[in-house]
Undergrad: 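Next up is a structure, given as structure tokens.
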Amino acid sequence: MMKVKEVRELSAQELSAKLGDLKKDLFNLRLQHAINQLDNPQKIVEVKRDIARVKTVLREKELAAKS
């Protein structure tokens, strides 16, 4: 699980790359869950929250760049 402080320290390019990685992880977790191989379903929730954190910080940086 990522902390917001850690996310804010990354650049926009790093955040975009991290977002792609998190989306791949989420896909793999959902696939494992569908075929009953996922040990901890809570992991899906954690990854979704990490995705939301990254998207939020990306949006903040985008808005800060415009103003």
Undergrad: What residues form a side-chain contact (heavy atoms from CB on, under 4.5 Å) with Lys23, not counting sequence neighbours?
TA: Leu19, Ile51, Lys55
Undergrad: Is atom CD of Gln13 surrounded by more than 12 heavy atoms (other residues, nucleotides or ligands) closer than 6.0 Å?
TA: no
Undergrad: Say you draw a straight line from CG of Leu58 to CD of Glu14; how long is it, rounded to the nearest 0.5 Å?
TA: 11.0 Å
Undergrad: Going by atom type alone, with no hydrogens or angles, which donor-acceptor pairs under 3.5 Å involve a side-chain atom of residues 24-33 and a protein atom two or more places apart or on another chain?
TA:
unit_1 : atom_1 : unit_2 : atom_2 : d
Asn28  : ND2    : Lys24  : O      : 3.3

Undergrad: Do Lys48 and Leu22 make a side-chain contact, defined as non-hydrogen atoms from C-beta onward lying under 4.5 Å apart?
TA: no
Undergrad: Check step by step if side-chain contact (heavy atoms from CB on, under 4.5 Å) holds for Arg8 and Glu60.
TA: CA-CA 10 Å; Arg8 290 188 195 282; Glu60 287 174 354; 2.4 Å; yes
Undergrad: Does the pair Glu6 and Lys3 meet the rule for a salt bridge (Lys or Arg N to Asp or Glu O under 4.0 Å), with working shown?
TA: CA-CA 5 Å; Glu6 297 170 4; Lys3 302 281 183 190; over 6 Å; no
Undergrad: Show the numbers, then the answer: is there a salt bridge (Lys or Arg N to Asp or Glu O under 4.0 Å) between Lys18 and Asp21?
TA: CA-CA 5 Å; Lys18 187 71 171 169; Asp21 292 342; 5.8 Å; no
Undergrad: Is there side-chain contact between Thr56 and Val4, with heavy atoms separated by less than 4.5 Å?
TA: no
Undergrad: Does anything in residues 34-47 pair up under salt bridge (Lys or Arg N to Asp or Glu O under 4.0 Å), and if so which pairs, sequence neighbours excluded?
TA: none
